[in-house]
Every structure is written in C-alpha cells, then in structure tokens.
Amino acid sequence: MSASWSTHQTVQDGSAASAYNAEAADSTSTSTQQQPSGASLSQNSQQQAAAQSVQQQLSQLTPQQQVQLLQQAAAIQHQAALLQAQAQQQAAAGGGQPAKYVPPHLRGGQAQQGQGAAGYGVGAQMGFPPLGAYGDGYAAGAANGQVVPGANGVMYYPNSATQQYYQAGGAQGQYGGGQQGGYQQQSQQMYGRQAAQTQQRSTGGYGNGGSDRWGGLQSNSTMSSGGAYNNRGGGSGSSYGTGYNRGGGQQGGYGNYSNNTGYNSSSGNTYSNNSNRWKGQGSQDFTPEEWTTPTPRDPVVESQLFQKANTGINFDKYEDIEVEVSGRDAPAPIVSSFKECDIHEIVRSNIELASYDRPTPVQKNAIPIVLAQRDLMACAQTGSGKTAAFLVPILSQMFAAGPPNIPQGGYRRRVQYPLAVILAPTRELAIQIHDESLKFSYRSRVRPCVVYGGADIGSQIRDLERGCHMVVATPGRLKDMVDRGKVSLEHVKYLVLDEADRMLDMGFEPQIRELVEQNNMPQPPMRQTLMFSATFPKDIQVLAQDFLNDYVFLAVGKVGSTSENITQQVLWVPEEQKLDYLLDLLSTSLNNGDKKGLILVFVETKKGADILNYNLQRNRFNATCIHGDRNQRDREDALASFRSGETPVLVATAVAARGLDIPNVTLVINYDLPNDIAEYVHRIGRTGRVGNLGQATSFFNDKNKNLAKDLLTLLHESNQEVPSFLDAYAREFMGGKSTGYGGRPSYGRGGSRGRGSNFGGRDYRQFNQGGQSSGYGGSAYGSGASGAAGGGYRGGSTQSQSASSYSNYRSSATNGTPAGGGSNDQWWG
Ligand SMILES: Nc1ncnc2c1ncn2[C@@H]1O[C@H](COP(=O)(O)OP(=O)(O)OP(=O)(O)O)[C@@H](O)[C@H]1O
C-alpha cells in the first residue's frame, strides 16, 4: 500500500512524467519515489485553494453551462495531450531519452482503433501516444498532473503554467479518476463514485493503481480509466478488470466495486476477460463452474472484437478443394457445420459473433483432430482459416477442462504457467494471433497474452503478471521471459508452431528446440503439438518429427500451392526499368474506379524498401514501408496506416510475407522476387483470402532464374498463365531438359489439372515408407509425369502401408494413382 501513496505524492509534486519513466525503465524502482517535498506540499495547497475557487465558480453555473465548460475543457485537454505527445515524439527523435515502445494492447487505450473511448490513460507517458486517437476521456494526467479534490467528479481546471488541464473526479477522491466524469455528465457520477470507493479502500485513493505496484501497472493494459496518472497505473487497471470478479481489492483498485462495464468497454482489445486477473493471479482462483460458464456479455467489447466476416465470392469453392489426411486413426472431419463437433459453448457463441457461418476445409478437418487430442501437421492454403483451426479447439478444450491445478504461492504467484504456447515468426503475426485469441476467448476466464521483441519488456511482464493461460509469442522474447523466471513452460498442454516450416528452418530452429526441449516443457504425449503452414518442405517435415508424436498429416489443397483465387502474372522487367513499371502499375491500379484496394509491394532488402518507399513518396504515392530495421512502433504504425487505407501502398520485406491478414489487399507486387518459392507462396497469399479474388504481379529478370523452375511448376499447379520466357529459363536451369510443360501458354482456368508429378503425395512418411497412395499421385493431375520435373515423392508406391497403420482419406473428387518413382526433395514436401 505504501507504494501507492508514494506514487501519488510523486505525481502531486509535478514529476509524474519522470516518475513514470523511472518506473517504466525499472519495474522495481517505484518504491524509491517517496513522500512529497515541502515545496510540493505548499504548491499543492496553493493549487488546492485555486481549485476550490474554481469549484466555487463552477457551482454558480447552471448544469448546462457546466457541461459546456467541461466540454471546452475536454477539448483543450485533448489538444494538450496531443501536443505533449508530439513533444515527446520530437524529443525522442531528437536523440533524447528514446521513448519506450509499448505495444498497443498495453497502452492506456486502443487508440489505433480510433476508439480510445473514455478514459484513455496516460499511455502517452509510455512514450507512444497514438496521435489523434485519444478517446474523449483522455486525462490530463498525461502531463504533470496536478489533481484537485473533485466536487462531483466533474472538474477540470487549467494550469496556466503548464498549459495542461487537469481534472478531478470522485466526490471524496482526492485523486478522483473521473476523467470521464470530466465531461460526460452521465458517467461522471459513476466514475466519481468509483474514485470515492477507491479512496476509501486504499490510501492511495485514485488509481488504486498505486496501492500495489502490481495493480498499478495493470492499467496499461487495460483501460485507463483512471484518469490522470494512471496509466501508470492507476485507476485503470483497476477500473477495468474490476468488471467482473475482482475479488478482494488486494491488488489495489476498486475491490469488489464492479459494474464498471462502462470502463470495461472502453478497452478495445484488452477487455473483459482480463477481469479474471482481479480475482487473483492464478487459474486456481476459479471454480470449475466459474471457468466453464460464460461471463456476462459486453456490447461495446463485442463491437470492438468482432467485425463482419470478410468472405469473398469464392468462399463456397473451398468445398471443392481436395483434402488429404494421413496418420493412424485420423478422426473424421466435420461435414458442414461447427455444430457437428463438441465445441465448448463459449467458443461456439464467439464463432457466431465472428460470423463464421461454416468451417473452412482446414477447420473441418483440423478441429476434430485437435479435439481428439492428436498431434497435427496441417498444410492449407494462405488465407484459408488456419488460425481458427487451432484456436477454436484449443480454447474449447481449455474451457471444458476447467482451471488447471497449478500450485501457486510465494514467488510462484508471479510466475505464469500458460497452458498453451503459440509461436509465430514475426511480431506482427504474433499480435494478430493474439487478437484472434481474444475473440475466441471472449466471455471466458482464460487470459491470452502476447510477448514479442522490440517492445518494452517491462509492460509485457506486467501484463503477464495479470494472469496468462495462453501465450502467443515470438520465440526470442518468450525465451527471455522464461529466462527471467516470468513464464514457466512446465504446464504447457498445447504447443502450436504457426508458419511451422519457417519456425523450424535454420533461423528459428535452435530457439524452438531450446524452448521445447530444455525448459521443462512437458514432452509428448503430455503435450499436444500442432503445426500449421501453407508450405511444408520435406526436410522440414523430417525435422518436425522431433516435436511431434503419432501425428495426423492434413493437406488441404496441394501442399505449398497457391489459391486459385489469386491471379498470378509474371512480367519480364529488366532491373533498371522496375521503378517505371511499378509507377505505371500503381497509377493504373490506384485509379481503378471503384475497385480500389490496398497494394503490397515486396522487395528483398531493408535498404531497398526504404529507397523504394522514398521513390514512391517522391512520385506522390501515398506509401509507407515495413522492414526489420524499422523500430517496432514504426512497423506497427506503418501496418496500421496501411490497414486503414490511409497509405494504400505498403513496401515490405519478408517481414510481412507470412500470416498477415489484411482485408482488401487486392494486389501484391513482387518488385523483387524472392529466392525461395515458399516465400513467394506466402507473399502472394496476402491477397485472395477467404474466397476473395486477388492479383499478384511479379517482375522477373535474369536475377531470378534460380526460381524459374519452381515458379513455372507452381503456375501450372495453380492453373495460371505461364509466360514462355519462364519455360526457357526453367529449361536452362535444368541443363536444357524439358520442363514437361513445353512452354504451353496456359492450362486454362478450370480446365484439366495438368501438372507434373512433381506434386505427388505430401506426407513425407508415406514417401519414406512407400506408403499407400493418398490420392495425390501425379498422374491424377494429368500430364507431366513424363517430364523431367516428374517423379512424385511417393517413390516406391507399390508397398502399401497397412490399413490399420494409416487411415488415409481424401475428400476430393479426384482419385489419384501413385506417382512414378523418383524422389522429391522440394519445398512442398
Ligand atoms: N469459417 C470462417 N468463415 C469466415 N471467415 C473465416 C473463417 N475462418 C477464418 N476466417 C477469416 O479468414 C481470414 C483468414 O484467416 P487466417 O488468417 O487464419 O488464414 P491462414 O490460413 O492462417 O492464412 P495464412 O496462411 O496467410 O497465415 C481471417 O480474416 C479470418 O477471420
């Protein structure tokens, strides 16, 4: 409790910002911020006197006048906050103390969504105030907040010295939260009362935040409520989670004062299921009944979490995609509806809220497999719903199983024991998966967290400490959390590698191995391991064996293939003419009547991205860029402005190639083609998602000839036009042998699926064991078996796998026959 008090005093004497910074820099330093100096006390009494005088003047106004005045004050306050934010940014840019980057979901509000709503906390102090997005209730606390005793939770007054406006809230609360109260009459009483409650409960009053360091820090992640100083803590934290089950106020805050739905709602993505934290830090604080029963609905949170599904005209065509399943006793798929399988009611209602009318093929097949507690290697085309294919069954099982029995107490209370770990190769993808997990865990006690590099680790730790049952992470940052003793992997039941082939390639494999094999993570069969990607090279499949146990292999469509919803075009463009071509292409595409969409331009290098971005801007294109040398804040800003359409052109390196789900990307341009065909597949997969149509245009020249053969095969595979130069390059690459495609211009859409048997079976185990045909034998697809590219990987297909060992089935209409001999060591497996 003393920490709380000292925090407030620090704020009072006008040093909130520095105090905050100190806290942000070192999570153990708050207690050193001690009682106010004599000077600050006298300052304080002067200010209080001033406040009283203002209060008297206010009380002489009519309620209407008061409201008007308060609205004006709020507007000025808002402006002041923005100015302060800009100043902070400039200071950071000017080489001063760099502002810490705090992930959006851990800031005081969900500003990027434009819903900062009431109570945006001092997120600004975190050094990254998203401009223009503060909600109405932005508390002046961002500044050196002097807070005065509040009358009715509705008082602001200007501090001429700082040009900041402060507010009081709370009838009794010296530090009333009440920013909202500030000018929303409707809510002022509510918040005011909260403040009062707080005041009574914890000496620190307001913010509770401070009453316990831990409690105080919540705020960031939840919602600021609190007003003024909060972000650091304060009220916010409190406010928010308070919502449901905060138990005893032990962590500071509002204690049992619930019904703060107003607050809760304002939190954007970090919303209510956080509330479980308030009951205590561990899952065991819930009874099984509490854990499995949906918490109350919150319309505002719902509106923030769930948007209308973005399915396109070809969504129904997913039904025609061939599906291959192999592995012992693979569970049967869902036929048509999510209702067919045993999904927990909390998840089921969230699926409805997400307007997922019916499952996609990967969901139909993967969900029963995961529910049957089998390990899984799943390969399905980009944009076909793989994320929900693992989140839905994992969360469903977590809800059904009830709270885990994890011993906690003493130091262990601060260690988190997630039941599910989801690893992703990029920060932005981790963020996106976390957002999805919030959707499907809405109205539950399960609390997903996300940790990733490039962001302030202190705020991530504090967020974790609020409770974490599922962690979405990039491997390096998770390892860091484990090494710091913040996360233990001892109780992990579900391990997901999203973009698994990337996670297991040379870049990440050592880290993954370390996390999975050297950190007490349960080993199979105690742990269920799931791997998802659109591409699965054979060597990666082999490597994956180390992590999987008796797994089912699922391939929806052809492993590593692209969706036919994406029209692919390969143009021969000499290096020096690329920019001109691009400018033409962009002009045409961006002026394409009402078909305006977002355009993603991929380049190979970070420097190349900066240069191209600069060139586009010079040519008056509204562009931005994302790559690994930009700081995390800039990366996320770039992505946000692209998503919103503010900058409809995004120049990107591979960092944006995988997983990102951005509606309305209508064109992907490979300004520089990648060296690896899998990378190509993922890049172009940013368009043509969930049944929508998309276009991918690639500039090809001499530099790309190593890609020619794989690209040619892929284009044939996806029934795309094949330019004749590509066949020539492919032949050259193959030492003059025929490619098997003969430079034919096209296979025509919807026509025969002619392709070389290069795309024979997929599950490498069958290849190795000469297993039974899975139905993907090359000859099923027409031509090419005789071509040089021929040779399905299912070499010795004559030996059948015993039926009991492999229950292969295909849901496609096409029956394959085993491919001819030959090995396939290609990326598609
Ligand atoms: N059953 C469904 N009905 C409607 N929309 C869905 C369904 N399942 C998923 N979606 C939506 O489809 C989009 C793509 O899903 P997701 O990002 O999971 O694809 P993915 O297969 O993981 O793609 P990638 O390979 O690029 O990572 C998301 O916007 C998601 O909300």
Side-chain angles (χ1 to χ4, degrees), residues 305-319 321 333-334 336-341 343 347-348 350-367 378-394 422-426 428-440 472 496-503 530-536 554-557 559-563 565-566 600 643 652 654-665 668 678-692 694 696:
L305 281 180
F306 300 100
Q307 280 92 39
K308 212 176 148 298
N310 181 40
T311 53
I313 53 168
N314 278 353
F315 188 74
D316 289 341
K317 290 196 181 161
Y318 279 132
E319 302 297 325
I321 298 180
I334 296 171
S336 65
S337 157
F338 284 110
K339 292 192 178 124
E340 287 167 41
C341 62
I343 297 173
V347 186
R348 196 186 297 286
N350 292 335
I351 289 172
E352 275 167 30
L353 287 171
S355 27
Y356 289 6
D357 297 337
R358 56 191 182 286
T360 63
V362 68
Q363 293 162 359
K364 284 180 181 176
N365 285 274
I367 291 173
C379 191
Q381 290 168 338
T382 50
S384 63
K386 294 188 286 292
T387 315
F390 59 79
L391 284 177
V392 163
I394 289 177
I422 299 165
L423 295 173
T426 67
E428 289 76 16
L429 181 55
I431 294 167
Q432 182 180 297
I433 297 170
H434 175 247
D435 286 347
E436 291 297 292
S437 70
L438 293 178
K439 262 187 205 171
F440 295 111
V472 185
V496 181
L497 301 188
D498 196 19
E499 308 296 343
D501 56 328
R502 176 78 184 94
M503 302 305 290
L530 312 173
M531 299 193 183
F532 284 79
S533 184
T535 50
F536 260 112
L554 164 67
V556 180
V559 174
S561 70
T562 52
S563 163
N565 293 330
I566 307 167
L600 191 48
R643 249 180 225 281
V655 79
R658 284 182 179 252
L660 295 186
D661 184 54
I662 303 169
N664 203 26
V665 173
V668 171
E679 170 80 5
Y680 172 86
V681 170
H682 289 279
R683 282 185 183 185
I684 70 167
R686 297 316 98 212
T687 187
R689 299 172 73 76
V690 260
N692 290 288

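Everything numeric in this text was worked out from a predicted model, so none of it was measured. In listed order, ligands and their atoms are each counted from 1.
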Asker: How close does the nearest protein non-hydrogen atom get to atom 19 (O) of ligand 1, and which residue and atom is it?
Answerer: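 For this ligand atom, the closest protein heavy atom is G385 N, 3.2 Å.
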Asker: Just let me know how H682 lines up against ligand 1, side chain, backbone, both or neither, with a heavy-atom cut-off below 4.0 Å.
Answerer: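 For H682, there is no contact with ligand 1 at all, from either part.
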Asker: Suppose we measure from atom 4 (C) of ligand 1 to each protein heavy atom; which comes out shortest, and what is that distance?
Answerer: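 Atom 4 (C) of ligand 1 sits closest to the protein heavy atom T311 CG2, 3.4 Å.
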Asker: Set out, in order, the CA-CA distance, both residues' side-chain angles and the distance that settles side chain to side chain contact (heavy atoms under 4.5 Å, CB included) for R502 and H682, then state yes or no.
Answerer: CA-CA 11 Å; R502 176 78 184 94; H682 289 279; over 6 Å; no
Asker: Nearest 0.5 angstrom please: D498 CG to L429 CG, how far?
Answerer: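 Rounded to the nearest 0.5 Å, the CG-CG separation comes out at 5.5 Å.
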Asker: Run the numbers for me: atoms of ligand 1, each under 4.0 Å from some heavy atom of F315, listed by number.
Answerer: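 Matching atoms, with element in brackets: 3 (N).
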Asker: Given side chain to side chain contact (heavy atoms under 4.5 Å, CB included), test F338 with I367 step by step and report yes or no.
Answerer: CA-CA 9 Å; F338 284 110; I367 291 173; 3.8 Å; yes
Asker: Can you check whether I662 reaches R686 side chain to side chain, under 4.5 Å on heavy atoms?
Answerer: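 The answer is no; the side chains never approach within 4.5 Å.
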Asker: Give the residue, atom name and distance (to 0.1 Å) of the protein heavy atom nearest atom 31 (O) of ligand 1.
Answerer: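 Of every protein heavy atom, Y356 OH, 2.6 Å lies nearest to atom 31 (O) of ligand 1.
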Asker: So which heavy atom in the protein is nearest atom 21 (O) of ligand 1, and how far is it from that ligand atom?
Answerer: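 Checking every protein heavy atom, the shortest distance to atom 21 (O) of ligand 1 gives K386 NZ, 2.9 Å.
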Asker: Of D661, T535, V681, which has the heavy atom at the shortest distance from atom 29 (O) of ligand 1?
Answerer: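 Among D661, T535, V681, the closest heavy atom to atom 29 (O) of ligand 1 belongs to D661.
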Asker: What I want to know is whether G383 and ligand 1 share at least one N or O pair that is separated by under 3.5 angstrom.
Answerer: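 The answer is yes, given that G383 and ligand 1 share an N or O pair closer than 3.5 Å.
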Asker: Check the pair F390, I422 against side chain to side chain contact (heavy atoms under 4.5 Å, CB included), reporting the backbone distance first and the verdict last.
Answerer: CA-CA 10 Å; F390 59 79; I422 299 165; 4.0 Å; yes
Asker: Give the contacting part of F532 toward ligand 1: side chain, backbone, both or neither, where contact means a heavy-atom distance below 4.0 Å.
Answerer: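 Answer for F532: neither.
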Asker: Go through ligand 1 atom by atom and flag the ones less than 4.0 Å from a non-hydrogen atom of R686.
Answerer: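 By the 4.0 Å cutoff, the relevant atoms are 26 (O).
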Asker: Check ligand 1 against E499 and write out every atom of the ligand that is under 4.0 Å from a heavy-atom position of the residue.
Answerer: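 By the 4.0 Å cutoff, the relevant atoms are 27 (O).
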Asker: Looking at ligand 1, does N310 have a heavy atom less than 4.0 Å from it?
Answerer: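 Checking ligand 1 against N310, which is what was asked, there is no heavy-atom contact under 4.0 Å.
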Asker: So T360 and V556, side chain to side chain contact (heavy atoms under 4.5 Å, CB included) or not? Walk me through it.
Answerer: CA-CA 10 Å; T360 63; V556 180; over 6 Å; no
Asker: So do R658 and S533 actually touch side chain to side chain, heavy atoms under 4.5 Å?
Answerer: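 Side-chain contact under 4.5 Å: yes.
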Asker: Report yes if S355 has an N/O atom closer than 3.5 Å to an N/O atom of ligand 1; otherwise report no.
Answerer: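 So ligand 1 has no N or O lying under 3.5 Å from an N or O of S355.
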Asker: Taking C-beta and beyond as the side chain, do R348 and I343 meet within less than 4.5 Å on heavy atoms?
Answerer: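 The answer is yes; the side chains approach within 4.5 Å.
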Asker: Assess A380 for proximity to ligand 1: is some non-hydrogen atom of it under 4.0 Å away?
Answerer: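 Under 4.0 Å: no for A380.
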Asker: Starting from atom 17 (O) of ligand 1, which protein heavy atom do you reach first, and at what distance in Å?
Answerer: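 For atom 17 (O) of ligand 1, the nearest protein heavy atom comes out as R689 NH2, 3.0 Å.
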Asker: Among D498, L391, V690, V556, which one puts a heavy atom closest to atom 12 (O) of ligand 1?
Answerer: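 Going through D498, L391, V690, V556 one by one, V690 has the nearest heavy atom to atom 12 (O) of ligand 1.
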Asker: Go through it in stages, so that I can follow the logic: the residues are E679 and R683, the test is salt bridge (Lys or Arg N to Asp or Glu O under 4.0 Å), and I'd like the CA-CA distance, side-chain angles, deciding distance and then a yes or no.
Answerer: CA-CA 6 Å; E679 170 80 5; R683 282 185 183 185; 3.4 Å; yes
Asker: What's the shortest heavy-atom distance between F306 and N350, and which atoms?
Answerer: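 Smallest heavy-atom distance, with atoms named: CE2-O, 3.6 Å.
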Asker: What's the shortest distance from atom 16 (P) of ligand 1 to any protein heavy atom, and which residue and atom give it?
Answerer: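 Sorting protein heavy atoms by distance from atom 16 (P) of ligand 1 puts T387 OG1, 3.6 Å first.
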Asker: Check each heavy atom of R658 against ligand 1 and say whether those closer than 4.0 Å belong to the side chain, the backbone, both or neither.
Answerer: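 Neither part.
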Asker: What atoms in ligand 1 come closer than 4.0 Å to a heavy atom of Q381?
Answerer: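 Reading through ligand 1 atom by atom, the close ones are 21 (O).
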Asker: Taking 4.0 angstrom as the limit and counting only heavy atoms of S384, give me the atoms of ligand 1 inside it, by number and element.
Answerer: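 Taking each heavy atom of S384 in turn, ligand 1 has 19 (O), 20 (P), 21 (O) under 4.0 Å.
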Asker: Can you measure from CD (Q363) to OH (Y318) and round to the nearest 0.5 angstrom?
Answerer: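 The OH atom of Y318 is 10.0 Å from CD of Q363, to the nearest 0.5 Å.
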Asker: Any carboxylate oxygen within less than 4.0 angstrom of a Lys/Arg side-chain nitrogen, looking at K386 and D661?
Answerer: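 No, K386 and D661 are not salt-bridged.
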Asker: What I'd like to find out is whether the side chain of T387 reaches to under 4.5 Å of the side chain of F532, using heavy atoms alone.
Answerer: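 A side-chain contact is absent here, since even the closest heavy-atom pair is not under 4.5 Å.
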Asker: Any idea which protein heavy atom is nearest atom 8 (N) of ligand 1, and the distance to it?
Answerer: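 Atom 8 (N) of ligand 1 sits closest to the protein heavy atom Q363 NE2, 2.7 Å.
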